[in-house]
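Here the structure comes first, spelled out in structure tokens, and everything after it is commentary.
As a basis for the values below, the full set of heavy atoms in this structure was taken, side chains included, without hydrogen atoms, waters or symmetry mates. Numbers here simply count residues along the sequence, with the first being 1. The structure displayed is predicted, hence computed values, not measured ones.
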Amino acid sequence: MPVAVAQHITLTDRHGHPLMVCELPKGIRRDEVAKLHHQILVHFHSELRGQAPAKPIHLSWPEVVNRLEQKIGCFA
């Protein structure tokens with residue numbers, strides 16, 4: 001039986017205010033979401049440490065992939 005998985009990851013500040021919303025691809029497995037969440041936290045942490053934006057940064061799935069590739073240093 002398939003289990004519903006969220007279609008985005010929302011990173012918040014310590015007060016629960018959303019800072020970044022990252023879309024996920026359809027059909028992603030729960031274990032893949034956990035790994036991706038860790039990668040996003042590690043690689044986007046410096047971007048999120050400054051002032052909270054007036055509204056959250058919203059990244060489409062291709063933008064998430066592109067930014068992670070740039071941060072990690074692998075380019076297709």
Is there a path of hydrophobic side-chain contacts, each under 4.5 Å between heavy atoms, that joins Val42 and Val33? no

The criterion is side chain to side chain contact (heavy atoms under 4.5 Å, CB included); which residues satisfy it with His43, sequence neighbours excluded? Gln39, Leu68, Lys71, Ile72

When the side chains of residues 16-24 are checked against the rest of the protein, which donor-acceptor pairs come out under 3.5 Å, sequence neighbours left out?
| unit_1 | atom_1 | unit_2 | atom_2 | d |
| --- | --- | --- | --- | --- |
| His17 | ND1 | Asp13 | OD1 | 3.4 |
| His17 | ND1 | Asp13 | OD2 | 3.2 |
| Glu23 | OE2 | His58 | NE2 | 2.9 |

Does any part of the side chain of Pro25, heavy atoms only, come nearer than 4.5 Å to the side chain of Ile28, both counted from C-beta? yes

Salt bridge (Lys or Arg N to Asp or Glu O under 4.0 Å): pairs with one or both residues in residues 31-40, sequence neighbours excluded: Arg29-Asp31, Arg29-Glu32

Between Leu59 and Phe44, is the side-chain contact (heavy atoms from CB on, under 4.5 Å) condition met? List the steps. CA-CA 12 Å; Leu59 300 176; Phe44 294 166; 4.0 Å; yes

Separation of Thr10 OG1 from Ile40 CD1 (nearest 0.5 Å): 10.0 Å

Under the salt bridge (Lys or Arg N to Asp or Glu O under 4.0 Å) test, which residues partner Glu63, sequence neighbours left out? none

